[in-house]
K.L.:
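Here's a structure for you.
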There are 2 protein chains.
Amino acid sequence: MHKKQISKAVINRLPRYYRYLGDLLEKDVVRISSKELSDKMKVTASQIRQDLNNFGGFGQQGYGYNVEYLHTEIGKILGLDKKYNIIIIGAGNLGQALANYVDFERRGFYVKAIFDINPRLVGLSIRGIEIKNIDELKEYITMNQVDIAALTVPKAKAPQLAADLAKWGIKGIWNFAPTDLHLAEDIIVENVHLAESLMKLSYKLSEKNKANDK
Amino acid sequence: MHKKQISKAVINRLPRYYRYLGDLLEKDVVRISSKELSDKMKVTASQIRQDLNNFGGFGQQGYGYNVEYLHTEIGKILGLDKKYNIIIIGAGNLGQALANYVDFERRGFYVKAIFDINPRLVGLSIRGIEIKNIDELKEYITMNQVDIAALTVPKAKAPQLAADLAKWGIKGIWNFAPTDLHLAEDIIVENVHLAESLMKLSYKLSEKNKANDK
DNA sequence: TAGATTGTTAATCGATTAACAATC
DNA sequence: TAGATTGTTAATCGATTAACAATC
């Protein structure tokens with residue numbers, strides 16, 4: 001059976017749908033039409049229906065979509081019905097911020113350990129999660145089920161570390177280092193490049209300035 | 001004169017070009033062809049040439065591109081030749097992580113103040129930058145030139161705060177709150193939705209699992 | 001039933017890739 | 001000059017939007 005590949009553009013929009021549906025759910029909204037949702041989200045109703053129908057018919061003619069049901073189904077598509085064990089590598093400010101972000105657990109992402117190279121940080125705890133020495137990383141991954149490693153280490157350290165993580169059996173890397181990790185393609189990498197995000201903001205600001213100067 | 005609008009896809013790629021060129025520059029690489037760069041970046045040479053030619057002819061036939069020149073020119077396109085004053089609103093973990101991220105200054109982004117509602121944080125300093133009471137926000141913005149506000153506050157507070165910031169004359173918002181800010185269109189918003197990034201990773205992981213189960 | 005809204009096909013639009021003449 | 005590589009046009013591909021029959 002030939003399953004049509006879902007386009008990347010669609011996947012990128014799914015978390016946003018999920019967020020809006022979660023917000024509606026909190027407001028006890030029971031049903032919503034693609035038109036109503038399109039008004040809220042500033043996208044076309046057609047796009048919403050096309051996107052959802054990549055995964056199945058979640059709506060009902062003449063009625064629209066049941067908010068709770070659609071929220072749950074998109075959650076399943078995103079894999080949020082599963083639990084993931086995360087380790088954070090790099091206990092700097094960003095690593096600590098991630099470790100403190102309790103909301104992740106609500107979505108099934110559990111931070112199990114933090115690793116750092118700095119002996120002054122090793123032994124400390126964040127939210128009850130111990131900072132371990134990075135020397136113990138290999139053994140930890142081998143002995144525990146770890147699904148995701150969040151990489152908040154300096155750029156220079158990231159590629160080698162990522163290669164090691166892949167070798168030791170990590171499945172996914174949430175990469176915050178400002179570099180691309182070129183790994184075997186069965187290792188999933190999701191990048192968060194803050195500097196690039198800020199540059200986009202900078203671009204848009206200077207575009208606006210140019211427009212105003214005219 | 002009719003200036004062709006640059007597509008969003010192109011803008012999104014510019015910071016990545018800038019990063020690769022910066023890396024080449026550090027390695028003292030003088031020239032690079034679109035073909036060589038395409039091999040490194042895993043994109044087509046054709047796309048690189050198309051992207052760059054939206055902004056002008058930066059290369060030379062038979063030679064390629066001068067790395068330093070191209071780096072500088074893309075920097076100008078991105079507005080990195082200008083200086084920006086940033087304030088951070090929300091001195092939680094993420095706000096503190098941003099305040100500590102020295103590298104931003106290298107690119108012309110200067111963190112001038114941090115604001116928080118929590119009286120226990122007010123008065124503390126991060127890298128010599130004082131945490132002020134959020135009550136002083138309006139006056140600060142009015143009295144100082146502030147270009148960008150990084151918003152690292154809880155979701156519930158973000159929309160009202162963003163509306164206030166817009167009213168008080170902020171030009172750009174770097175939004176880390178997991179919500180969309182619907183503001184007048186002359187206010188530039190750049191979102192960093194960490195939870196959505198993690199969901200994409202989750203999706204890709206569960207896709208891989210499904211493929212393996214077959 | 002009549003009205004509303006989906007699911008889905010077809011049309012349009014835009015982005016990417018290929019190809020090659022221009023030119024360094 | 002000959003070889004290399006750009007800048008740019010044309011062809012292809014994919015994503016978005018429009019339209020409407022199906023159906024609740």
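Each chain gets a letter, A, B and so on, in the order its sequence line appears, and its residues count up from 1. Predicted, not measured: the structure shown is a model, and the values here were computed from it.
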K.L.:
Any donor and acceptor pair, going by atom type alone, linking the side chain of Glu26(A) with main-chain N or O of Asp23(A) inside 3.5 Å?
P.N.:
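Flag not set: sc Glu26(A) to bb Asp23(A) has no pair under 3.5 Å.
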K.L.:
Which comes earlier along DNA chain D counting from the 5' end, the contact point of Gln47(A) or that of Lys35(B), where each point is its nearest nucleotide?
P.N.:
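Counting from the 5' end, the first nearest nucleotide belongs to Lys35(B).
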K.L.:
Could you state the atom-to-atom distance from CG of Leu52(B) to P of dG7(D) in whole Å?
P.N.:
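Roughly 8 Å, once rounded to whole Å.
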K.L.:
Check whether any side-chain N or O of Tyr65(A) sits under 4.0 Å from OP1 or OP2 of dG7(C), and answer yes or no.
P.N.:
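Result: yes.
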K.L.:
Taking the side chain as every heavy atom from C-beta outward, state whether Asn85(B) and Phe109(B) have any atom pair closer than 4.5 Å.
P.N.:
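Sidechains of Phe109(B) and Asn85(B): no contact.
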K.L.:
So, OP1 or OP2 of dA4(C): does either fall under 4.0 Å of a side-chain N or O from Arg31(A)?
P.N.:
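For Arg31(A), the contact criterion (side-chain N or O under 4.0 Å from OP1 or OP2 of dA4(C)) is not met.
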K.L.:
Nearest whole angstrom, please: distance from the P of dT17(C) to the CE of Met41(B).
P.N.:
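Checked: the CE to P distance equals 13 Å.
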K.L.:
Go ahead and name the base partner of dG3(C); Watson-Crick or wobble counts if both distances stay under 3.5 Å, otherwise write none.
P.N.:
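By the stated definition (distances under 3.5 Å), dC24(D) pairs with dG3(C).
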K.L.:
For DNA chain D, whose closest nucleotide is more 5', that of Ala9(A) or that of Gln60(A)?
P.N.:
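Nearer the 5' end of the strand: Ala9(A).
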K.L.:
Around atom NZ of Lys35(B), are there more than 12 heavy atoms from other residues, nucleotides or ligands closer than 6.0 Å?
P.N.:
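At most 12 heavy atoms, drawn from other residues, nucleotides or ligands, come within 6.0 Å of this atom.
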K.L.:
Consider only side-chain N and O atoms of Lys112(A) and Asn144(A), and report whether a donor and an acceptor are under 3.5 Å apart.
P.N.:
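No.
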K.L.:
Of the nucleotides dT5(D), dG7(D), dT5(C), which has the atom closest to the Ser33(B) side chain?
P.N.:
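Nearest to the side-chain atoms of Ser33(B), counting from C-beta on, is dT5(D).
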K.L.:
Rounded to whole angstrom units, what separation is found between the OH atom of Tyr69(A) and the P atom of dT6(C)?
P.N.:
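Whole-Å distance recorded here is 15 Å.
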K.L.:
Do the numbers put Arg31(B) on top of the ring of Tyr65(B), so that NZ or CZ is under 6.0 Å from the six-membered ring centre and no more than 45° off the axis?
P.N.:
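Judged by the rule (NZ or CZ under 6.0 Å from the ring centre, within 45° of its axis), Arg31(B) is not positioned above Tyr65(B).
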K.L.:
Report the distance from atom NZ of Lys42(A) to atom C1' of dT17(D), rounded to the nearest whole Å.
P.N.:
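To the nearest whole Å, that distance equals 19 Å.
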K.L.:
Under 4.0 Å between a side-chain N or O of Ser34(B) and OP1 or OP2 of dT5(D)?
P.N.:
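Result: no.
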K.L.:
Listing time: all N or O pairs from protein to nucleotides 18-22 of chain D that are below 3.5 Å?
P.N.:
unit_1	atom_1	unit_2	atom_2	d
dA18(D)	N7	Ser46(A)	OG	2.8
dA18(D)	N6	Ser46(A)	OG	3.4
dA19(D)	N6	Arg49(A)	NH2	3.2

K.L.:
Crowded around Lys208(B) NZ? As in, over 12 foreign heavy atoms under 6.0 Å?
P.N.:
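Count over threshold, so yes.
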K.L.:
Got a salt bridge between Lys76(A) and Asp81(A), using NZ or NE/NH1/NH2 to carboxylate O under 4.0 Å?
P.N.:
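The answer is no: the pair does not qualify as a salt bridge.
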K.L.:
Specify the separation, in whole Å, of atom CG of Asn54(A) and atom P of dT9(C).
P.N.:
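Spelled out: CG on Asn54(A) to P on dT9(C) is 13 Å.
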K.L.:
Give the rounded distance in Å between these two atoms: CG of Asn12(A) and C1' of dA15(D).
P.N.:
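Rounding to the nearest Å, CG of Asn12(A) and C1' of dA15(D) are 13 Å apart.
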K.L.:
Pairing check on dG14(C): which nucleotide meets the Watson-Crick or G-U wobble criteria with it, both distances under 3.5 Å?
P.N.:
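Answer to the pairing question: dC13(D), which forms a Watson-Crick or G-U pair with dG14(C).
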K.L.:
Measure CG/Leu37(B) against P/dT5(D) and give the value in whole Å, please.
P.N.:
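So the CG-P distance, Leu37(B) to dT5(D), works out to 13 Å.
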K.L.:
Nearest-Å distance, CD1 (Ile48(A)) to C1' (dT16(D))?
P.N.:
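Rounding to the nearest Å, CD1 of Ile48(A) and C1' of dT16(D) are 13 Å apart.
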